[in-house]
There are 2 protein chains.
Amino acid sequence: MTDTVPRPTLEAVAARAGVSRATVSRVVNGGDGVRKPLAERVRRAVEELGYVPNQAARSLVTKRHDAVAVVIAEPETRVFADPFFGLQLRGISKELTAHDAQLVLLLTEGRADHARVGRYLAGGHVDGALVFSLHLEDPLPELVQRAGVPTVFGGRPGWGGGARSAVYVDSDNRGGAREAVRHLVGLGRRRIAHITGALDQTSAVDRFDGFRDVMVDADPRLIAEGDFTPAGGERAMRELLERCPDLDAVFAANDLTASGALRVLRAQGRRVPDDVALIGFDDMLPVAEQTDPPLTTIRQDIEEMGRLMARLLLRGLDRRGGGPGGAPGGGPGGGPGVGGGPSSVVLPTTLVRRASA
Amino acid sequence: MTDTVPRPTLEAVAARAGVSRATVSRVVNGGDGVRKPLAERVRRAVEELGYVPNQAARSLVTKRHDAVAVVIAEPETRVFADPFFGLQLRGISKELTAHDAQLVLLLTEGRADHARVGRYLAGGHVDGALVFSLHLEDPLPELVQRAGVPTVFGGRPGWGGGARSAVYVDSDNRGGAREAVRHLVGLGRRRIAHITGALDQTSAVDRFDGFRDVMVDADPRLIAEGDFTPAGGERAMRELLERCPDLDAVFAANDLTASGALRVLRAQGRRVPDDVALIGFDDMLPVAEQTDPPLTTIRQDIEEMGRLMARLLLRGLDRRGGGPGGAPGGGPGGGPGVGGGPSSVVLPTTLVRRASA
DNA sequence: GTGAAAGCGCTAACAT
DNA sequence: ATGTTAGCGCTTTCAC
């Protein structure tokens with residue numbers, strides 16, 4: 001792991017331009033307070049030498065890194081089974097790029113990696129962190145807060161840690177679920193079932209809550225627990241059909257679940273949407289568009305979520321300016337929310353009508 | 001973007017342990033050449049102070065960064081429409097983590113970002129790069145080689161740049177395609193069609209080649225150009241059916257394409273696999289398992305590809321030891337292959353039989 | 001407006 | 001085996 005070739009230093013550029021290192025530094029960093037012609041000469045020297053600042057040296061003195069960690073904690077294989085994180089990453093990347101910040105990706109496989117992540121974050125390698133921790137009992141939020149790194153969460157974190165005051169960006173899972181169920185109601189359905197997601201994740205809980213908001217006293221037998229997978233959807237659908245053969249609609253916690261449910265419905269001879277209307281969540285294209293019939297579902301703008309997370313974090317970092325901020329003890333935040341900074345954002349969802357409901 | 005809290009330095013640890021900075025440094029970096037009791041005292045001090053080495057300071061002198069860039073170049077939205085990159089990232093991440101290296105993710109959206117990536121890589125921020133550049137005319141490979149950064153490519157790069165000698169990891173697209181087609185032949189099919197992928201990508205070309213290896217003088221009307229998307233698959237399938245109503249099998253360049261083709265086949269009343277056998281490529285689970293019938297397809301071990309890419313790169317980095325390596329001019333490599341280092345690897349594929357063929 | 005000089009925190013010779 | 005010392009390349013007072 002070595003550098004390949006001695007690259008030109010500030011010194012070299014200075015020599016070539018016939019100025020001091022300080023002047024070159026000024027030009028390179030915005031160029032204010034340097035007279036036009038001089039600045040021009042410096043810029044030319046930079047160009048000719050192919051000079052690129054050494055970030056390590058710079059960080060050493062500025063204590064900034066222009067880097068943000070993205071922590072994706074998901075022991076399950078599910079993580080990359082869907083395009084979710086990819087889109088999110090893309091949104092994040094776009095925003096960070098626009099601010100000249102690098103994206104350091106930290107993937108964790110179970111608790112074993114938590115210590116490593118904690119050490120890294122506490123090690124001051126990055127200016128902030130974007131953390132995806134979707135499980136209720138995840139120790140990560142607390143760990144991150146202890147590390148004293150400004151953080152924005154992706155998805156409402158569970159309350160396991162000191163996360164109560166955490167800044168997060170989430171889709172309006174509850175509102176979206178309400179819209180889904182209302183849509184079914186509007187279709188004239190009355191025996192509306194719900195297949196939940198994995199209930200140790202806030203998104204599943206929130207969608208379930210949304211369902212109950214509309215179906216205030218739903219028959220408890222119309223609720224079956226799923227796990228966000230097609231297999232879970234199948235299992236739950238079979239249960240439901242057995243318990244309540246008269247059901248006429250299903251709200252599945254996500255599209256994958258819906259696809260599993262759909263298979264069972266068809267296998268049991270129920271026509272969709274004629275006999276049973278089916279609605280999913282996520283608008284995960286490769287699934288929602290490919291099923292037969294295509295899924296009516298609730299769309300969330302994943303990429304925008306990512307972009308927003310990054311924007312929130314960067315804004316928070318900016319406003320803490322030069323002073324030592326942070327809340328190493330996990331005080332009232334540690335997040336960029338400290339001192340009237342940005343607070344959480346919940347993005348709207350939209351109903352996408354296809355053929356299944 | 002500031003550090004949050006003044007963290008303890010080597011100096012502080014040294015003071016607390018009553019030794020010199022050098023000794024602490026030795027202990028922190030492996031601890032050889034330090035007597036047990038002393039080392040123990042140092043370790044305790046480190047522990048008590050919660051000391052974490054400042055990577056910037058360390059990089060400044062060692063010129064190592066323990067960081068690897070992962071460049072994903074894909075203007076198309078397709079990138080994250082499938083789990084491909086996610087799995088790859090995961091494999092990479094595991095391997096890098098095992099070597100205490102960080103993963104810096106660089107996503108590019110079209111040519112505009114190329115300059116940025118080139119600057120970053122040339123800037124010596126990372127020890128090496130893993131680059132996904134799947135398009136034939138992509139300028140990225142050449143750019144990377146010019147940057148003089150040791151690089152391993154994901155997927156056989158096009159020959160547009162100085163990439164001819166590049167080290168890469170790829171699936172055996174050609175061999176897999178042969179296996180797919182042979183499977184169809186083994187089923188007794190004779191009028192076997194092929195829907196290609198986007199032919200500006202090496203994977204599509206290689207799969208097409210594999211098809212031709214088996215169907216040596218295939219009726220050219222049995223070939224239709226697709227683009228790796230379901231829509232492309234639909235279009236191509238309609239073409240094929242029109243040109244050759246007698247076809248009895250289709251090898252689609254990937255599962256997404258196959259899913260599109262499948263829809264058209266069903267819409268036109270062809271039973272799968274009875275009338276037309278259909279085989280895909282990738283074994284992209286959310287698609288291959290959800291179609292009706294589920295897709296027979298060719299599986300590639302994506303995660304392993306990622307892991308291998310990282311391993312190859314790290315091995316190459318190790319062997320170049322302390323000396324200035326690299327090939328800034330794009331000499332015989334610039335990749336870790338320099339000097340008898342690792343060379344490219346092509347991973348085997350396997351046939352996964354489901355119901356469609 | 002520009003230059004000189006002092007470090008940032010660390011490692012790696014070199015002494016001892 | 002341990003300590004001393006000289007920078008790594010940069011930013012940033014502080015003089016001029």
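Proteins get letters first, then strands, A, B, ... in listed order; numbering begins at 1 in each. Scope of the values below: all heavy atoms of this structure, side chains included, with no hydrogens, waters or symmetry mates.
Residue pairs satisfying the salt bridge (Lys or Arg N to Asp or Glu O under 4.0 Å) criterion with at least one member in residues 114-123 of chain A, sequence neighbours excluded, are listed as follows: Asp113(A)-Arg116(A). A ring pair (Phe, Tyr, Trp, His ring centres under 6.0 Å) check over residues 10-49 of chain B, counting only residues at least two apart or in different chains, returns nothing.
Checked against salt bridge (charged side-chain N to carboxylate O under 4.0 Å, His left out), Arg43(A) has the following partners two or more places apart in sequence or in another chain: Glu40(A). With sequence neighbours excluded, no residue satisfies side-chain hydrogen bond (donor to acceptor under 3.5 Å, both in side chains) with Ser93(B). Every residue meeting the ring-ring contact (aromatic ring centres under 6.0 Å, His included) condition with His125(A), not counting sequence neighbours, appears here in chain and number order: Tyr120(A). Partners of Glu304(B) under the side-chain hydrogen bond (donor to acceptor under 3.5 Å, both in side chains) rule, at least two apart in sequence or in another chain, are Arg307(B). For Arg44(A), the salt bridge (charged side-chain N to carboxylate O under 4.0 Å, His left out) criterion is met by no residue, not counting sequence neighbours. Remark: Glu95(A) pairs with Arg311(A) by the salt bridge (charged side-chain N to carboxylate O under 4.0 Å, His left out) rule, at least two apart or across chains.
Once you apply a 4.0 Å limit to the heavy atoms of chain B, the touched nucleotides of DNA chain D run 5' to 3' over dA1(D) to dG9(D).
For the helix from dG1(C)-dC16(D) to dT16(C)-dA1(D), the terminal axes (five pairs an end, C1' atoms, rotation from four pairs onto the next four) enclose an angle of 40°, given to 10 degrees.
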Listed pairs under 3.5 Å, donor-acceptor, residues 15-26 of chain B side chains, sequence neighbours left out:
residue, atom, partner, partner atom, Å
Arg16(B), NE, Glu48(B), OE1, 2.6
Arg16(B), NH2, Glu48(B), OE1, 2.9
Ser20(B), OG, Ala22(B), N, 3.4
Ser20(B), OG, Thr23(B), N, 3.4
Ser20(B), OG, Thr23(B), OG1, 3.3
Arg21(B), NH1, Glu11(B), OE1, 3.4
Ser25(B), OG, Asn29(B), ND2, 3.3

**OP:** May I have the step-by-step check of side-chain contact (heavy atoms from CB on, under 4.5 Å) for Leu140(B) and Val71(B), ending in yes or no?
**Re:** CA-CA 9 Å; Leu140(B) 216 69; Val71(B) 183; 3.6 Å; yes

**OP:** Would you give a per-nucleotide map of nucleotides 8-16 of chain C, 5' to 3', where B means the base has a protein non-hydrogen atom under 4.0 Å away, S means only the sugar-phosphate does, and - means neither?
**Re:** BBBBBB---

